[in-house]
Amino acid sequence: MPTVLSALLEECQALGTQAVAIQCNLSKETEIATLLPRVVEELGDIGCIVNNASHVETDSAFNFSAASLGRHMQNNLAAPLLLTQALYAATLKIEGAQAVVINLLDQKLFNPQPDFLSYTLSKAALHSATALLAQAYAPQLRVVGVAPSLATTDSQPKLPAILEDIAATVCFAAASSAITGSTLVVDGGQHLYPHPRDQLAAHGQPSQSH
């Protein structure tokens with residue numbers, strides 16, 4: 001198990017929270033189909049899913065490929081939709097139960113640049129799906145978007161959001177029963193001041209999945 005994940009589990013357990021780590025390849029629909037049942041087996045009924053994992057590759061209109069778009073759409077759109085579908089089905093089995101899905105998006109949807117074309121298209125599609133699924137699955141399931149900027153780190157201390165802001169917004173969305181189909185932007189107002197380049201491109205960050 002990766003050191004970072006081990007540390008996170010230990011931190012959660014130190015707070016008295018039950019936590020487990022379950023591996024799943026989000027590029028494989030067969031593995032996605034087993035994920036929620038495996039979590040329920042370990043933790044019991046689930047009332048919230050945060051679709052945080054994202055695939056990010058560097059591409060643009062000049063070197064775009066169908067293969068790159070496909071990888072992004074599978075991990076960043078299809079996987080969250082399948083997990084949302086699974087949570088809705090599980091929630092229906094519990095009388096009177098309600099649940100929530102929170103989709104992590106990107107503030108660049110409100111401040112578009114041509115960098116990371118396939119990634120941006122996949123997140124734009126998930127943004128649209130957030131409202132569509134909120135309509136389809138109401139009232140048993142709420143679906144909310146959270147669109148952060150890059151978070152402040154020790155190596156990049158001047159970026160506009162901090163991890164605590166993002167986490168607090170996710171918790172707020174999860175607890176607020178009147179919010180569904182909406183997206184909360186967490187970027188210190190950065191989207192109000194357009195930038196010609198994506199933050200990752202401007203900071204020279206490589207392709208990644210996270």
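No experiment lies behind these values; they were computed from the predicted model shown.
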So, does S176 use its side chain to make a donor-acceptor pair with the main chain of F172 at under 3.5 Å?
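Yes.
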Ignoring hydrogens and geometry, is there a side-chain-to-backbone donor-acceptor pair from N75 to R71 under 3.5 Å?
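It does hold such a pair.
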In terms of hydrophobic clusters joined by side-chain contacts under 4.5 Å, are [X] and [Y] together?
X: V101; Y: L105; answer: yes
X: V186; Y: V144; answer: yes
X: M73; Y: L26; answer: yes
X: L69; Y: L109; answer: yes
X: F110; Y: V146; answer: no

Calculate, to the nearest 0.5 Å, the distance between atoms [atom1] and [atom2] belonging to [X] and [Y] respectively.
X: T58; Y: F116; atom1: OG1; atom2: CZ; value: 4.0 Å
X: Q107; Y: H195; atom1: CD; atom2: NE2; value: 7.5 Å
X: L192; Y: N111; atom1: CG; atom2: CG; value: 9.0 Å

Once side-chain hydrogen bond (donor to acceptor under 3.5 Å, both in side chains) is applied, do any residues pair with N25, and if so which ones, sequence neighbours excluded?
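N25 satisfies side-chain hydrogen bond (donor to acceptor under 3.5 Å, both in side chains) with S27 once adjacent residues are dropped.
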Is the closest side-chain donor-acceptor distance between S149 and D187 under 3.5 Å?
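D187 and S149 do not have a side-chain donor-acceptor pair below 3.5 Å.
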When you compare the side chain of [Y] with that of [X], does any pair of heavy atoms fall below 4.5 Å?
X: Q113; Y: P196; answer: no
X: D106; Y: Y119; answer: yes
X: V170; Y: V50; answer: yes

Please name all residues satisfying salt bridge (charged side-chain N to carboxylate O under 4.0 Å, His left out) with K108, sequence neighbours left out, ordered by chain then number.
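Expected list: D198.
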Partner set under ring-ring contact (aromatic ring centres under 6.0 Å, His included) for H191, not counting sequence neighbours:
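Partners of H191 by the ring-ring contact (aromatic ring centres under 6.0 Å, His included) criterion come out as none, since no residue qualifies.
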Can you give each donor-acceptor pair under 3.5 Å made by side-chain atoms of residues 178-185, sequence neighbours left out, with the distance rounded to 0.1 Å?
| from | atom 1 | to | atom 2 | distance (Å) |
| --- | --- | --- | --- | --- |
| T180 | OG1 | V143 | N | 3.1 |
| T183 | OG1 | H127 | NE2 | 3.4 |

Closest heavy-atom pair and its distance - [X], [Y]:
X: G145; Y: T130; value: N-CG2, 3.6 Å
X: E57; Y: S68; value: OE1-OG, 3.6 Å
X: L36; Y: A90; value: CD2-CB, 4.1 Å
X: S177; Y: R142; value: O-CD, 3.2 Å
X: L81; Y: A129; value: CD1-CB, 3.8 Å
X: I46; Y: C48; value: CG2-O, 3.3 Å

With salt bridge (charged side-chain N to carboxylate O under 4.0 Å, His left out) as the rule and sequence neighbours excluded, what pairs involving residues 81-90 come up?
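Output for this query is empty, none listed.
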If you count heavy atoms of other groups shown closer than 6.0 angstrom to CD of E11, is the number above 12?
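12 or below, so no.
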Would you say that more than 12 heavy atoms from the other residues, nucleotides or ligands in this model lie under 6.0 Å from the CZ of F64, or not?
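Correct, the count exceeds 12.
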Per the ring pair (Phe, Tyr, Trp, His ring centres under 6.0 Å) rule, what does the pair list look like for residues 65-87, sequence neighbours excluded?
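Sorted result for residues 65-87: H55-H72.
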Which pairs, with at least one residue in residues 15-52 and sequence neighbours excluded, count as a ring pair (Phe, Tyr, Trp, His ring centres under 6.0 Å)?
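Qualifying pairs: none.
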Quick one: list whatever passes side-chain contact (heavy atoms from CB on, under 4.5 Å) with [X], sequence neighbours left out.
X: E10; answer: none
X: I22; answer: V20, L35, R38, V39, E42
X: L82; answer: E29, I32, Q85
X: Q140; answer: Y88, T91, L92

For L141 and L87, run side-chain contact (heavy atoms from CB on, under 4.5 Å): C-alpha distance rounded to whole Å, both residues' side-chain angles, the deciding distance at 0.1 Å, then the answer.
CA-CA 8 Å; L141 192 67; L87 182 59; 3.7 Å; yes
Check each of L104, N103, N52 against P80 using the side chain to side chain contact (heavy atoms under 4.5 Å, CB included) test, and report the only one that passes.
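Only one of L104, N103, N52 forms a side chain to side chain contact (heavy atoms under 4.5 Å, CB included) with P80, namely N103.
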Show your reasoning for whether side-chain contact (heavy atoms from CB on, under 4.5 Å) applies to Q23 and E31.
CA-CA 9 Å; Q23 185 173 352; E31 291 196 25; 5.8 Å; no
Mind checking who shares a hydrophobic cluster with I94, ILVMFWY linked at side-chain heavy-atom distances under 4.5 Å?
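Reading the cluster by chain and number, I94 sits alone, since nothing else belongs.
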Decide yes or no on side-chain contact (heavy atoms from CB on, under 4.5 Å) for N51 and I102, but give the supporting numbers first.
CA-CA 6 Å; N51 286 313; I102 299 170; over 6 Å; no
